[in-house]
Protein chains: 2
Amino acid sequence: MEMKSVTRSLRILEAVAHHQPVTVGELTKLFGLPKSTVQRTLVSLNEAGWLRANRQDTTRWEIGARVLAVRPAALQGSSLFAAAREPMIRLRDALNETIHLSVPDALQCMVVVDRVDCAHAVRTYYAIGDTSPLHATATGRAILAHLPPADVDELVAHRLERYSDATTVDPAELRAELKRVRTDGYAVNRNQYRPDVCAIAAPVLDEDGTPLASVAVSMPDSRYDADRLPEWGRLVADTASGISDRRLGA
Amino acid sequence: MEMKSVTRSLRILEAVAHHQPVTVGELTKLFGLPKSTVQRTLVSLNEAGWLRANRQDTTRWEIGARVLAVRPAALQGSSLFAAAREPMIRLRDALNETIHLSVPDALQCMVVVDRVDCAHAVRTYYAIGDTSPLHATATGRAILAHLPPADVDELVAHRLERYSDATTVDPAELRAELKRVRTDGYAVNRNQYRPDVCAIAAPVLDEDGTPLASVAVSMPDSRYDADRLPEWGRLVADTASGISDRRLGA
DNA sequence: GCATAGCGTGCCACGATACGGCACGATTGC
DNA sequence: GCAATCGTGCCGTATCGTGGCACGCTATGC
């Protein structure tokens with residue numbers, strides 16, 4: 001049922017992405033596999049055009065540009081990506097905090113797809129491709145709030161994992177929060193996932209109300225100001241709906 | 001030397017990306033492979049997290065968000081990407097034409113990695129991930145002009161493919177054009193690749209003069225004005241060198 | 001309503017093929 | 001100049017992917 005060489009080659013591909021440019025030896029240590037096996041896999045990935053030798057050190061491997069041609073359906077041929085770009089920068093300019101764009105992956109987790117950094121010396125850090133849980137983040141709850149109830153039921157059927165003291169693990173409490181998100185238009189997270197990280201997020205919706213992605217402003221707890229929450233929440237929600245409009249208008 | 005199942009699974013992955021959401025049957029027709037083989041490959045790709053079933057029609061497959069964690073080395077840990085973003089927007093604002101950021105892939109072709117759209121109703125369209133030939137585009141020649149002569153020799157050793165009446169297919173003519181690019185600081189393309197598409201491009205250089213990427217402004221032939229070429233060329237070149245500086249300063 | 005065609009999926013014996021131990025040559029560090 | 005380490009290539013064997021086939025299901029057309 002599972003093709004060993006395929007899954008392994010993809011694991012290796014991911015490892016190359018995280019450690020590029022990387023040598024055969026480093027990868028064998030990482031995986032504990034025979035040299036020949038890793039080497040053969042790298043050559044195959046190279047022949048497929050997904051890997052290439054580093055220009056300076058031809059014994060090191062790195063990811064080729066081919067992967068950019070393969071983009072998730074969630075990005076809708078990257079029109080979402082392009083539409084979000086400028087509104088995100090404007091939001092960053094207005095608030096001077098880091099802005100993230102995330103999409104849900106198979107309703108399992110959120111994946112960061114784009115980022116605009118702020119100018120503060122201390123700032124939150126998520127890399128593009130990082131994942132986070134749906135129930136414990138603002139970005140995830142902004143999506144959850146606009147999903148069919150059946151999907152939410154399925155999520156709470158599994159135990160809601162606790163990441164910190166503040167994490168919402170009670171299904172009823174989560175549902176109440178989601179209801180609040182729908183009326184206010186934005187979701188909030190104070191230290192519920194990563195300690196000392198707060199965020200305010202709003203969903204980008206499809207024409208039929210399906211949540212495609214969410215925009216979030218995230219900041220250290222020290223800069224979180226509850227008094228300004230309504231104002232910031234409105235700004236984030238406006239940005240998100242602006243992206244929806246741009247996407248559909250194009 | 002080549003692992004059949006690996007290369008084939010990646011071909012299938014790419015096919016899914018281009019036709020998503022797609023069914024098993026459609027893929028079997030595309031490749032002429034047995035149903036079971038395609039099916040098994042899809043399941044394996046799914047288990048690796050690179051594929052997922054469509055939400056509406058669970059019998060259709062699409063690309064998962066996992067691929068976003070795998071980024072080309074050419075983006076230099078996305079510092080190039082981040083450095084280019086705002087200068088590109090300023091250039092778009094100045095010219096009101098679509099701006100593309102492209103990187104060379106294994107010196108075979110250029111790949112579009114970012115885009116900022118203009119406001120015109122009629123505009124050029126390249127998606128992120130699209131590829132174009134080195135010798136027939138402004139974006140490619142901006143790179144070629146700053147490559148070691150040996151690399152250019154290797155390129156012209158293969159036949160220069162013709163895409164339109166205007167395509168430069170004569171090696172000597174290409175070399176003369178590259179020399180002009182080096183003195184002027186920007187490359188030009190009038191309908192040499194896609195008919196009715198013109199572009200002006202300049203390279204983003206590394207500290208040692210290696211071309212990393214190129215910035216291009218592209219427009220329909222109807223809006224191309226030869227009289228303004230020097231001015232626009234200078235603006236594009238300034239933007240590109242500004243990106244180089246930002247990248248190194250950061 | 002029934003027949004049929006087409007779909008996605010699961011099974012299994014066969015045989016191609018990827019595995020991994022090993023050896024070679026190049027490079028680096030002592 | 002020696003030794004350790006690395007990337008690479010080879011080859012017999014066991015494994016693993018292959019693809020023909022059959023099943024259950026859905027949509028289509030008579």
Side-chain angles (χ1 to χ4, degrees), chain A residues 1-64 72-73 106-108 150 154, chain B residues 1-64 66 73 106-107 150:
Chain A
M1 195 59 120
E2 55 172 23
M3 294 168 70
K4 227 169 171 179
S5 53
V6 170
T7 54
R8 178 162 59 202
S9 66
L10 292 175
R11 290 284 96 78
I12 290 179
L13 190 67
E14 291 164 10
V16 172
H18 285 108
H19 298 93
Q20 60 185 329
V22 70
T23 65
V24 177
E26 290 164 4
L27 289 170
T28 59
K29 281 171 199 155
L30 249 169
F31 288 94
L33 290 170
K35 269 192 302 181
S36 348
T37 304
V38 175
Q39 159 85 349
R40 206 158 0 90
T41 306
L42 289 174
V43 171
S44 295
L45 289 171
N46 176 55
E47 278 176 4
W50 286 62
L51 237 53
R52 65 176 181 211
N54 185 279
R55 295 217 65 206
Q56 280 80 38
D57 183 354
T58 54
T59 180
R60 289 186 172 272
W61 298 89
E62 56 190 27
I63 303 289
L107 304 184
Q108 298 281 323
E154 191 185 342
Chain B
M1 196 59 124
E2 56 170 24
M3 294 169 69
K4 229 169 171 178
S5 54
V6 171
T7 53
R8 178 162 57 205
S9 67
L10 291 175
R11 290 283 97 76
I12 290 179
L13 189 68
E14 291 163 9
V16 172
H18 284 107
H19 298 93
Q20 59 185 327
V22 71
T23 66
V24 178
E26 290 164 2
L27 289 170
T28 59
K29 280 171 200 154
L30 250 169
F31 287 93
L33 290 169
K35 269 192 301 182
S36 346
T37 304
V38 175
Q39 158 84 351
R40 204 157 5 87
T41 306
L42 290 174
V43 172
S44 296
L45 290 171
N46 177 55
E47 279 176 3
W50 285 60
L51 237 52
R52 65 178 180 213
N54 185 275
R55 296 216 58 215
Q56 281 80 36
D57 184 354
T58 54
T59 179
R60 289 186 171 271
W61 298 89
E62 55 190 28
I63 303 290
R66 178 74 57 100
L107 304 184

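Just so we're on the same page: letters track the sequence lines, and every chain starts at 1.
Within the 4.0 angstrom heavy-atom criterion, only backbone atoms of the sugar-phosphate kind lie near A:Ser5; the bases stay farther away.
Proximity of a side-chain donor or acceptor of B:Glu14 to a complementary backbone N or O of B:Arg11 within less than 3.5 Å is not detected. A:Ser44 contributes a side-chain N or O that, together with a main-chain N or O of B:Met3, makes up a donor-acceptor pair within less than 3.5 Å.
Rounded to an integer number of Å, the gap from CG of A:Leu33 to P of C:dA18 is 16 Å. As rounded to whole Å, 17 Å separates atom C1' of D:dG19 from atom CZ of B:Phe31. The separation between A:Arg60 atom CZ and C:dT28 atom P is 12 Å, rounded to whole Å. Rounded to whole Å, atom P of C:dT27 lies 12 Å from atom CG of A:Asp57. In this structure, CE of A:Met3 is placed 18 Å from P of D:dT15, rounded to the nearest angstrom. In this structure, CG of A:Leu42 is placed 15 Å from P of C:dA18, rounded to the nearest angstrom. Atom CG of B:Leu51 is separated from atom C1' of C:dG8 by 15 Å (rounded to the nearest Å). Residue A:Asn46 contributes atom CG, which lies 14 Å from atom C1' of D:dT8 at whole-angstrom precision.
For the helix from C:dG1-D:dC30 to C:dC30-D:dG1, the terminal axes (five pairs an end, C1' atoms, rotation from four pairs onto the next four) enclose an angle of 50°, given to 10 degrees.
With 3.5 Å as the limit, one finds no donor-acceptor pair spanning the side chains of A:Glu26 and A:Trp61.
Closest contact between the side chain of A:Ser36 and the listed nucleotides D:dG20, C:dT9, C:dG21 involves C:dG21. Closest to the A:Val24 side chain, of the nucleotides C:dT9, D:dT8, D:dC16, is D:dT8.
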Please walk me through it: do A:Thr41 and B:Val6 pass side-chain contact (heavy atoms from CB on, under 4.5 Å)? CA-CA 8 Å; A:Thr41 306; B:Val6 171; 5.5 Å; no

For the pair B:Leu30 and B:His19, evaluate side-chain contact (heavy atoms from CB on, under 4.5 Å) and give the outcome as yes or no after the intermediate values. CA-CA 11 Å; B:Leu30 250 169; B:His19 298 93; 3.6 Å; yes

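Place B:Lys35 and A:Lys4 on DNA chain D by their nearest nucleotides, and A:Lys4 ends up nearer the 5' end. Toward the 5′ end of DNA chain D lies the nearest nucleotide of A:Thr58, the other residue of the pair A:Thr58 and B:Thr41 mapping further downstream.
Taking NZ of A:Lys29 as the reference point, atom NZ of A:Lys35 lies at 10.5 Å (rounded to 0.5 Å).
The base of C:dG20 lies close enough to the side chain of A:Arg40 for a donor and an acceptor atom to sit less than 3.5 Å apart.
For D:dG7, neither phosphate oxygen OP1 nor OP2 lies less than 4.0 angstrom from any side-chain nitrogen or oxygen of A:Gln39.
Inter-residue side-chain proximity for A:Leu13 and A:Ile63 is flagged as met; some heavy-atom pair is nearer than 4.5 Å.
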